[in-house]
Amino acid sequence: LTIKNTGIANITGTGTTLVYGITLQSSASNSCDISDNTIGGINGGGTVYGIYITSAATANIYNNRVSSLATTGSSSSVRGIYLTATGLNANVYNNRVHIISSSGVTTTTAAGIDVGTGLVYNIYNNMVSDIEAPSSTTTTGGTRGISVSGGSTGGVVRLYYNSIYLNGLGTVAGYTSAGIHNSSATPTLDLRNNIVVNKSDITTGTRVAAFWKTAATDNVDNNSNNNL
């Protein structure tokens with residue numbers, strides 16, 4: 001499957017309907033090339049994802065611009081790019097992901113790029129900014145630039161040469177923000193040459209971090225280096 005040079009915009013979900021810009025599901029043998037697309041102006045009261053893959057063997061996602069995604073759901077999530085598929089090998093690079101926001105008031109979360117279940121993720125040369133969930137009470141990372149929320153035994157997530165800028169403003173005591181967020185101890189996490197700036201304001205809030213690891217097990221590769 002190839003999706004290239006396509007504009008997807010101005011989609012509004014009703015109620016708590018799930019809303020996706022591009023999604024790939026149903027077959028573990030899927031292979032896709034998603035590139036040079038513009039995805040934006042997507043919003044709703046439920047989960048909102050710009051690019052979403054739940055079943056595939058290989059994926060190449062590059063040169064896309066994903067922006068202006070929003071949810072108002074109190075416990076819904078919004079993601080620019082979200083990949084979670086058993087056995088997936090994916091390359092995610094040269095994407096611009098920005099203005100991803102939730103105005104939900106409880107356990108909502110917002111993330112630029114999020115990877116869950118999968119075997120190998122190479123995530124590099126992406127620019128992520130303006131990710132906001134100011135009223136989220138999720139105390140383990142309501143706002144996340146790049147999130148590693150899952151993985152598979154023997155798998156690896158490589159984050160190289162990504163640039164992340166967050167500048168949110170917390171409005172509730174439980175507000176938290178992380179440039180890179182790791183909540184899974186399953187895959188090996190290899191971090192090299194990333195630039196992370198998190199200037200989020202927690203005058204009202206709990207924690208701001210460039211890198212936040214919530215899993216107790218150390219799964220960070222010893223070769224990780226040169227991150228700012």
Side-chain angles (χ1 to χ4, degrees), residues 47-50 66 69-71 75-84 92 95-116 121 123-124 126-151 157-221 224-228:
T47 295
V48 176
Y49 299 148
V66 183
L69 309 185
T71 182
S75 58
S76 300
S77 60
V78 56
R79 304 282 188 268
I81 299 172
Y82 183 28
L83 312 180
T84 180
V92 181
N95 299 288
R96 176 78 171 95
V97 181
H98 62 118
I99 315 176
I100 311 297
S101 65
S102 170
S103 58
V105 294
T106 57
T107 57
T108 183
T109 58
I113 299 172
D114 190 359
V115 294
Y121 287 113
I123 302 171
Y124 57 97
N126 300 286
M127 295 183 66
V128 177
S129 64
D130 298 311
I131 314 299
E132 298 188 2
S135 300
S136 172
T137 58
T138 300
T139 57
T140 54
T143 301
R144 309 168 184 182
I146 296 179
S147 174
V148 180
S149 58
V157 177
R158 300 183 180 98
L159 302 181
Y160 296 170
Y161 296 101
N162 298 288
S163 297
I164 301 167
Y165 180 82
L166 302 180
N167 191 26
L169 174 64
T171 60
V172 294
Y175 172 81
T176 54
S177 173
I180 297 175
H181 187 272
N182 175 212
S183 58
S184 175
T186 304
T188 297
L189 181 58
D190 188 356
L191 305 164
R192 306 189 199 187
N193 301 295
N194 300 287
I195 299 174
V196 182
V197 177
N198 192 345
K199 298 179 66 177
S200 297
D201 187 335
I202 54 168
T203 301
T204 301
T206 302
R207 179 179 296 183
V208 166
F211 173 61
W212 187 0
K213 179 174 171 52
T214 62
T217 302
D218 182 6
N219 61 321
V220 178
D221 191 284
S224 296
N225 202 359
N226 296 325
N227 300 288
L228 299 175

Does [X] reach the main-chain N or O of [Y] with its side chain, forming a donor-acceptor pair under 3.5 Å?
{"X": "N126", "Y": "V97", "value": "no"}
{"X": "N162", "Y": "I123", "value": "yes"}
{"X": "S136", "Y": "T108", "value": "yes"}
{"X": "D221", "Y": "T188", "value": "no"}
{"X": "T138", "Y": "T107", "value": "yes"}
{"X": "D114", "Y": "Y82", "value": "no"}
{"X": "N198", "Y": "A209", "value": "yes"}

Minimal non-hydrogen separation, [X] against [Y], with atom names:
{"X": "S149", "Y": "G116", "result": "OG-CA, 4.0 Å"}
{"X": "P187", "Y": "G150", "result": "CG-O, 3.5 Å"}
{"X": "S184", "Y": "A215", "result": "C-CB, 4.0 Å"}
{"X": "A133", "Y": "A110", "result": "CB-CB, 4.1 Å"}

Does [X] have any ring-ring contact (aromatic ring centres under 6.0 Å, His included) partners at least two apart in sequence or in another chain, and if so, which?
{"X": "Y175", "result": "none"}
{"X": "Y121", "result": "none"}
{"X": "Y160", "result": "none"}

**Request:** Provide the full list of ring pair (Phe, Tyr, Trp, His ring centres under 6.0 Å) pairs with a residue in residues 179-216, sequence neighbours left out, each pair given once.
**Result:** H181-W212

**Asked** Which residues pass the salt bridge (Lys or Arg N to Asp or Glu O under 4.0 Å) test with D130, sequence neighbours left out?
**Response**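 For D130 there are no salt bridge (Lys or Arg N to Asp or Glu O under 4.0 Å) partners, ignoring immediate neighbours.
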
For [X], side-chain hydrogen bond (donor to acceptor under 3.5 Å, both in side chains) partners two or more places apart:
{"X": "T84", "result": "none"}
{"X": "N167", "result": "none"}
{"X": "S135", "result": "T171"}

To the nearest 0.5 Å, tell me how far [X] [atom1] sits from [Y] [atom2].
{"X": "N226", "Y": "N193", "atom1": "CG", "atom2": "CG", "value": "5.0 Å"}
{"X": "I100", "Y": "R79", "atom1": "CD1", "atom2": "CZ", "value": "10.5 Å"}
{"X": "L169", "Y": "S177", "atom1": "CG", "atom2": "OG", "value": "11.0 Å"}
{"X": "T109", "Y": "I131", "atom1": "OG1", "atom2": "CD1", "value": "11.5 Å"}
{"X": "S224", "Y": "R158", "atom1": "OG", "atom2": "CZ", "value": "11.0 Å"}
{"X": "S129", "Y": "I164", "atom1": "OG", "atom2": "CD1", "value": "10.0 Å"}

**Message:** Under the rule for side chain to side chain contact (heavy atoms under 4.5 Å, CB included), what residues qualify as partners of T206, not counting sequence neighbours?
**Reply:** T176

**Prompt:** Who are the side chain to side chain contact (heavy atoms under 4.5 Å, CB included) partners of T47, not counting sequence neighbours?
**Reply:** L18, Y49, S76, S77

**Complete:** salt bridge (charged side-chain N to carboxylate O under 4.0 Å, His left out) pairs touching residues 188-197, sequence neighbours excluded, are D190-R192

**Sequence neighbours excluded - salt bridge (charged side-chain N to carboxylate O under 4.0 Å, His left out) pairs with any residue from residues 196-220** =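 Checked against salt bridge (charged side-chain N to carboxylate O under 4.0 Å, His left out) - neighbours excluded - no pair reaches residues 196-220.
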
**Residue of the set V148, L159, I81, I146 for which side chain to side chain contact (heavy atoms under 4.5 Å, CB included) holds with V115** = V148

